[in-house]
Each structure stands twice: as C-alpha cells, then as structure tokens.
Amino acid sequence: MARPEEPVDHAAPYAAFALHLRKQRAEGGSPTYSSLARRTGYSVSALSQAAAGRKLPSLDLTLAFAKACGGDGARWEKLWETARCQDTARGDGGLPPEPRVQLAEPPVPTSAETVHDFVMCLRELKAWAGNPSLSRIEKASQGTVRRSTLGDALNPARTSPPPWRSVVSLVLTLLELAHKQGRIENSEYGDMIVQWMERWIRLRPTLPAETGFIAAARPRERSTPIVHLRRPAKPVRAPEADISSLEIISLKTAIASHRARLAELEAQLRKAVTARELRLLDRRSA
C-alpha cells in the first residue's frame with residue numbers, strides 16, 4: 001500500500017497553490033504519483049514537491065500535472081501566474097525546470113485490470129504523444145472522432161470502456177501524431193491496435209451491437225439439423241454455455257483473422273498519408 005501523503009503545511013509559502021493541485025488530483029481520480037510520472041514525463045519527486053507547497057513549480061510542470069488530472073490548462077495558467085506574482089513580491093524563486101523523462105515506447109493497456117486503468121492508459125498515451133488538445137485530436141482525426149466524444153472517452157469516472165470505434169480512432173490519431181514527431185513507425189500501428197482491442201474485450205466481454213466489423217467475421221450460425229432416427233430417442237440436451245466466454249472467444253478469433261487485413265490497411269494508410277502530404281505541398285507551392 002502506498003504511503004499516505006503528508007498534509008500541506010499551511011505556513012508554507014505556496015500552501016494555497018499546493019492545496020489547489022491536490023484538489024485537482026482528487027477530482028482526477030487520485031492517481032498515484034508514479035502514474036502521474038508516466039503520464040507527464042516528470043519525476044515522482046518533482047510532482048510530489050509541486051504539491052507540497054514549499055516552492056513554486058515551473059509552469060510546464062504545473063500544466064502537465066493539472067492536465068493529467070483532467071484540469072483546464074487556461075485556468076491553471078492563471079492560478080500559476082497569480083502565485084508567481086506573489087513569488088516576485090517576496091523575492092523568492094521557484095523550482096528550476098524539471099527535465100522531462102521521455103518514454104521510449106507508447107503505453108499499452110496490457111496490465112489494465114479495470115475500466116479506470118484502461119482509461120488512465122488512454123490518457124497516458126495522449127501524454128506520450130505530446131499531450132495534444134482535444135481540438136487538435138479532432139482535427140487530426142479528420143472528423144472521425146468528435147471533441148465531446150474524446151472528453152467522454154478520457155473521463156476517469158467512466159464505469160464502462162469507451163466504444164471501440166472511439167478507442168480505435170483515438171489510438172490511431174495519437175499514433176499518427178507521434179509518427180509525425182518521429183517517435184514511432186506506422187508499421188507498428190497494427191500490433192498496437194490489436195493490444196488495445198484485446199484488453200477492451202477482456203473488460204467488456206459481452207458483444208455490443210456496434211462491433212459490426214467483428215460481428216461480420218463471426219461464422220454464420222447454422223440452423224439445428226433435423227436428424228431422422230429409426231426409433232424414438234430421448235432428446236439430447238445441449239450443454240449450457242457461458243455466453244460471456246463465447247463472446248470473448250468469438251472476438252479473439254475475429255481479431256486474429258484481422259491481423260492480415262491490418263497489414264493491408266497499414267499500406268493503404270501509408271499511401272493516404274503520402275498523398276495528403278503531396279496535396280499539402282501542391283497547395284503551398286500554388
């Protein structure tokens with residue numbers, strides 16, 4: 001069990017600012033500092049010091065902390081500026097900028113055991129891709145996922161996984177943004193999507209009506225064959241099946257069958273990205 005956080009010393013110079021940070025963290029689901037470190041790229045010690053109230057953290061660290069907990073960047077920039085003005089009046093300096101620890105690999109929900117863990121991993125992927133705004137993600141997705149839908153999918157208070165279409169669109173868009181930064185190759189998209197969907201299946205075992213592409217891959221159910229017996233026989237009762245288990249098996253089978261299709265889609269995606277870049281160059285040169 002994690003050690004309880006020490007209470008804020010109300011005599012500390014930035015006690016009020018630290019209390020605001022702690023309140024934002026509680027509203028964001030009270031993630032651990034280790035989880036925040038993975039999402040923001042800052043060290044655990046820097047994050048815990050920011051919420052201690054003894055010194056004023058940098059603006060970058062403050063915004064990363066607040067946004068990782070679902071806070072509004074503009075509001076926190078104003079709060080930080082107010083605290084900095086008090087800091088200037090006292091002549092006391094804040095913490096030096098904390099170097100960010102850039103994660104090499106994109107987060108995947110392989111260890112997510114709850115819906116909350118799954119959503120937190122989505123938020124970590126967003127932070128890993130440069131923490132783009134919801135408006136930028138919507139624009140980069142070319143309208144395949146709306147801003148309101150993104151906010152709902154990234155809500156830590158969710159009790160069920162986001163719709164699979166939202167998950168796929170969000171993950172693909174974030175990977176594409178990271179690809180433009182030279183962080184990942186688009187040939188890795190397929191494996192990433194499979195890992196996300198496999199975990200989504202575990203967290204949502206029943207097959208919803210919206211999973212059209214998976215349902216289409218399932219074998220058609222055959223009607224019960226009529227068996228003509230020479231003599232009467234007692235009807236054989238079919239063993240009771242666990243519907244949830246059958247749904248999971250069907251979804252896993254469908255995902256496995258789509259691996260080859262994903263390779264084709266990746267090739268088409270690369271061509272589409274190249275064509276789009278060429279069109280942009282043509283417009284700029286015109």
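Numbers here simply count residues along the sequence, with the first being 1.
Side-chain contact check for Gln24 versus Arg75: some heavy-atom pair is nearer than 4.5 Å. Side chains of Thr159 and Val115 form no contact here, defined as non-hydrogen atoms less than 4.5 Å apart. With contacts defined as side-chain heavy-atom distances shorter than 4.5 Å, the pair Lys23/Glu27 qualifies. At least one side-chain heavy atom of Pro57 sits under 4.5 Å from a side-chain heavy atom of Phe17. Residues Leu170 and Leu150 meet the side-chain proximity criterion, which asks for heavy atoms closer than 4.5 Å. Side-chain contact check for Leu63 versus Trp80: every heavy-atom pair is 4.5 Å or farther apart. Residues Glu138 and Thr149 form no side-chain contact, since every pair of their non-hydrogen atoms from C-beta on lies 4.5 Å or further apart. For the pair Leu203/Asp117, no side-chain contact is recorded, criterion being any heavy-atom separation below 4.5 Å from C-beta on.
The CZ atom of Arg84 sits 9.0 Å away from atom CG of Leu56, with the distance rounded to the nearest 0.5 Å. Rounding to the nearest 0.5 angstrom, the gap separating the CG atom in Leu175 from the CG atom in Leu125 is 6.0 Å. Here the OG1-CG distance, from Thr62 to Leu79, works out to 9.5 Å after rounding to the nearest 0.5 Å. Taken from NE2 in His20 to OG1 in Thr82, the straight-line distance is 9.0 Å, to the nearest 0.5 Å. Residue Glu176 holds its CD atom at 10.0 Å from CD1 of Ile184, rounded to the nearest 0.5 Å.
With hydrogens and angles ignored, the 3.5 Å screen pairs no side-chain donor or acceptor of Arg38 with any backbone N or O of Gly41. In terms of modelled atom types and a separation under 3.5 Å, the side chain of Trp128 and the main chain of Arg123 share no donor-acceptor contact. Side chain of Arg22 to main chain of Ala51: a donor-acceptor pair is present (N/O by atom type, distance under 3.5 Å, no hydrogens or angles). Checked by atom type and distance alone, the side chain of Arg158 pairs as donor or acceptor with a backbone atom of Ser160 at under 3.5 Å. Judged by distance alone, with hydrogens and angles left aside, the side-chain atoms of His179 form no donor-acceptor pair with the main-chain N or O of Glu185 at under 3.5 Å. No donor-acceptor pair closer than 3.5 Å links the side chain of Ser166 to the backbone N or O of Pro162.
In this model, a donor atom of one side chain and an acceptor atom of the other lie less than 3.5 Å apart for Arg147 and Ser135. When only modelled atom types and interatomic distance are considered, Ser45 and Ser43 share a side-chain donor-acceptor pair under 3.5 Å. Checked by atom type, the side-chain pair Ser35/Arg39 shows a donor-acceptor distance below 3.5 Å. There is no side-chain donor-acceptor pair under 3.5 Å between Asn131 and Lys67.
Placement of Leu36 and Met120 in two distinct hydrophobic clusters is found when ILVMFWY residues are connected by side-chain heavy-atom separations under 4.5 Å, directly or transitively. In terms of hydrophobic clustering, with Ile, Leu, Val, Met, Phe, Trp and Tyr side chains grouped at heavy-atom distances under 4.5 Å, Ile137 and Phe118 are assigned to a common cluster. Leu134 and Val168 fall within the same hydrophobic cluster, defined by Ile, Leu, Val, Met, Phe, Trp and Tyr side-chain heavy atoms under 4.5 Å apart, directly or through other members.
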Subject >> Derivation and outcome, side-chain contact (heavy atoms from CB on, under 4.5 Å), residues Trp196 and Leu122 >> reply: CA-CA 9 Å; Trp196 278 96; Leu122 275 176; 3.5 Å; yes

**OP:** Under the salt bridge (Lys or Arg N to Asp or Glu O under 4.0 Å) rule, what do Lys78 and Glu81 come out as? Steps first, then yes or no, please.
**Re:** CA-CA 5 Å; Lys78 291 179 181 178; Glu81 188 63 32; over 6 Å; no

**OP:** Give the C-alpha distance, both sets of side-chain angles, the deciding distance and a yes or no for side-chain contact (heavy atoms from CB on, under 4.5 Å) between Val119 and Asn155.
**Re:** CA-CA 7 Å; Val119 174; Asn155 185 0; 5.8 Å; no

Original post:
side-chain contact (heavy atoms from CB on, under 4.5 Å) between His10 and Leu19: does it pass, once the steps are laid out?
Top reply: CA-CA 9 Å; His10 291 276; Leu19 289 172; 3.9 Å; yes

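Considering every non-hydrogen atom in both Val8 and Ala52, the closest pair reads CG1-O, 3.8 Å. The minimum heavy-atom distance linking Ser34 with Val44 is given by the pair CA-CG2, 4.0 Å. In terms of heavy atoms, Lys55 sits closest to Tyr14 at C-CD1, 3.6 Å. Nearest heavy atoms, Leu174 versus Ala129: O-CB, 3.6 Å. When all heavy atoms of Tyr42 and Ala64 are compared, the closest pair comes out as CE1-CB, 3.6 Å. Here the shortest heavy-atom pairing between Leu177 and Ala140 reads CD2-CB, 3.9 Å.
The six-membered or imidazole ring of Trp76 lies away from that of Phe65, with a centre-to-centre distance of 6.0 Å or more.
A cation-pi arrangement is present between Arg25 and Tyr33, with the terminal nitrogen or guanidinium carbon under 6.0 Å from the aromatic centre and inside a 45° cone about the axis.
Other residues, nucleotides and ligands contribute more than 12 heavy atoms inside 6.0 Å of the CD atom of Gln181.
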